[in-house]
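Written out below as structure tokens is the structure these notes cover.
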Amino acid sequence: MTAWEIKGWCPGALRPMQSGDGLVTRIRPPLGRLTPQQAQAIAEAAQSHGNGIIDLSARANLQLRGVTEASHPRLIADLRAQGLIDPDIETESLRNLIVTPFSDAETNALATTLTAALTRMPHLPGKFGFALDTGPRPVLTDASVDIRVERATDGRLILRPDGHPLGQPVTDLAKDAVDMANWFVQSGGITNGRGRMAALIARGTVPPGCTLAPADPLATPSPCLHPDGALVALAFGQMRAETLQALAALGHELCPTPWRMLLLVGATELPAIPGLITDPTDPILRITACTGAPGCPQGLGDTRNLARDLALHLAPDQTLHISGCAKGCAHPSATKTTLTATGQGYDLIRNGTAHDTPSLTGLTPQAIQDHLKALHAPYL
Ligand code: SF4
């Protein structure tokens with residue numbers, strides 16, 4: 001039994017999730033990219049039907065915040081006109097696919113094939129997802145998904161169950177992906193409607209034919225000019241609609257990524273737009289902070305204002321996770337230093353998750369600042 005609520009499903013556009021600041025409406029970009037016109041429409045919809053705040057999720061989706069029951073139908077109509085809305089909730093909830101932003105013509109064709117195959121999947125848990133990571137080397141290794149399409153060291157396509165080091169050679173992507181999902185269901189991967197591939201693999205159950213190792217993954221990139229375009233970051237993965245509008249006006253396709261960054265496809269210079277981070281040394285990039293209070297109804301304290309204050313005090317190699325409650329949504333795994341809001345200040349956890357045993361409790365923001373140097377001293 002946990003002290004926080006586990007929803008077990010992800011919001012969509014057709015099935016938004018209630019939050020502290022209204023409905024969170026999640027848009028899943030078709031094939032992992034947005035045309036400038038679609039990006040412009042999303043920005044306008046955020047202003048007209050939400051509170052103008054747009055999140056970039058850890059699954060490379062865009063979330064409009066502050067939508068109301070009254071404005072939601074008009075929002076859907078506007079986005080549907082741009083080809084951004086699935087025909088129904090079931091189709092939307094199955095389209096849990098992250099596509100590498102560094103795609104080529106083959107990847108784009110595979111994305112179309114895999115998207116079509118998703119409609120033929122068995123009934124899967126709400127958080128079950130796929131990654132199409134078919135650049136020369138994987139870049140989505142840290143993204144939370146269940147079935148990965150990657151390249152083996154010899155360039156062949158493989159289907160790799162998350163949590164297992166090896167994958168199956170692909171002969172027919174659509175059929176093979178559906179077969180692996182069926183294997184997951186038939187092998188007991190689902191309990192009470194929930195389950196993840198990595199958990200099944202950890203129990204020693206592995207699909208047949210997994211013999212090929214993927215190519216070595218690349219590290220998560222920083223904001224930079226990349227051969228495929230300009231990678232720009234957003235503090236905590238959040239931007240104002242005006243920022244998206246300015247990006248859309250540059251005329252490039254946009255690829256949301258799971259790294260709180262957007263790729264402006266084909267851009268040859270980093271744009272100077274308020275709200276974007278283009279300096280890879282910006283300390284805000286080394287702080288992970290969830291929505292916290294008041295945006296999240298489960299939040300027991302502010303996270304992002306505190307993060308902005310603490311960023312000024314971080315040493316160049318220091319990192320920090322600030323969580324609005326013990327659920328730890330923004331970084332479910334362990335980090336060197338985590339601050340968890342408790343309603344009575346903040347707990348400090350070293351080398352653990354947001355719900356592990358703290359080494360200090362009841363810290364005020366001022367006390368955290370005072371402690372910061374000592375907190376990180378062991379890691380300097
Ligand atoms: S970790 Fe943050 S976003 Fe997640 S439930 Fe708690 S306050 Fe909300």
Side-chain angles (χ1 to χ4, degrees), residues 1-12 15-27 46 50-51 53-67 96 125-127 129 142-145 194 196 234-239 256 258-260 284-311 319-365 368:
M1 186 75 178
T2 59
W4 59 88
E5 188 182 354
I6 298 173
K7 298 198 184 283
W9 57 280
C10 298
R15 189 172 64 144
M17 185 181 278
Q18 188 67 48
S19 192
D21 56 357
L23 295 173
V24 172
T25 306
R26 183 174 290 181
I27 302 162
N51 61 11
I53 294 175
I54 302 168
D55 291 328
L56 182 51
S57 81
R59 288 195 169 186
N61 297 313
L62 295 183
Q63 295 182 163
L64 275 51
R65 303 195 71 93
V67 177
N96 259 333
K127 295 207 178 255
D142 291 336
S144 173
V145 298
R194 293 182 184 162
R196 299 299 301 266
L234 307 169
F236 318 119
Q238 193 168 80
M239 63 184 153
W259 318 309
R260 315 295 190 199
I284 236 27
L285 296 174
R286 286 181 278 112
I287 304 184
T288 308
C290 70
T291 301
C296 174
Q298 298 190 66
L300 298 172
D302 163 71
T303 52
R304 292 178 176 171
N305 290 326
L306 177 63
R308 289 181 197 281
D309 289 345
L310 294 180
T319 59
L320 194 59
H321 171 205
I322 304 178
S323 188
C325 77
K327 190 174 177 183
C329 297
H331 202 301
S333 55
T335 56
K336 284 183 176 173
T337 307
T338 299
L339 293 166
T340 301
T342 63
Q344 285 86 43
Y346 294 82
D347 283 355
L348 170 76
I349 299 111
R350 296 188 186 199
N351 298 314
T353 68
H355 52 270
D356 282 338
T357 305
S359 51
L360 291 169
T361 59
L363 296 173
T364 64
I368 294 166

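For the numbers below, each heavy atom of this structure counts, side chains included, while hydrogens, waters and symmetry mates do not. In each ligand, atom 1 is the first atom listed, and ligand 1 is the first ligand listed.
- For ligand 1 and G299, the ligand atoms under 4.0 Å from any heavy atom of the residue are 7 (S).
- The heavy atom nearest to atom 1 (S) of ligand 1, out of those in C329, P332, A293, is found in C329.
- Exactly one residue among D55, T25, I54 makes a side-chain contact (heavy atoms from CB on, under 4.5 Å) with Q63. That residue is D55.
- Atom numbering of ligand 1 starts at 1 in the shown order; those under 4.0 Å from a heavy atom of S323 are 1 (S).
- No hydrogens or angles considered: nothing links the side chains of T288 and R260 as a donor-acceptor pair under 3.5 Å.
- Distance check, rounded to the nearest 0.5 Å: CG of L234 to CG of L56 gives 6.0 Å.
- Residue contacts to atom 8 (Fe) of ligand 1: C296 brings an N, O or S atom closer than 2.8 Å.
- Contact of the L64 side chain with the I27 side chain is registered, since non-hydrogen atoms from C-beta on lie closer than 4.5 Å.
- For P258, the side chain to side chain contact (heavy atoms under 4.5 Å, CB included) test picks out A60, I98, L140, A143, with sequence neighbours left out.
- For C290, the nearest N, O or S atom to atom 2 (Fe) of ligand 1 falls under 2.8 Å.
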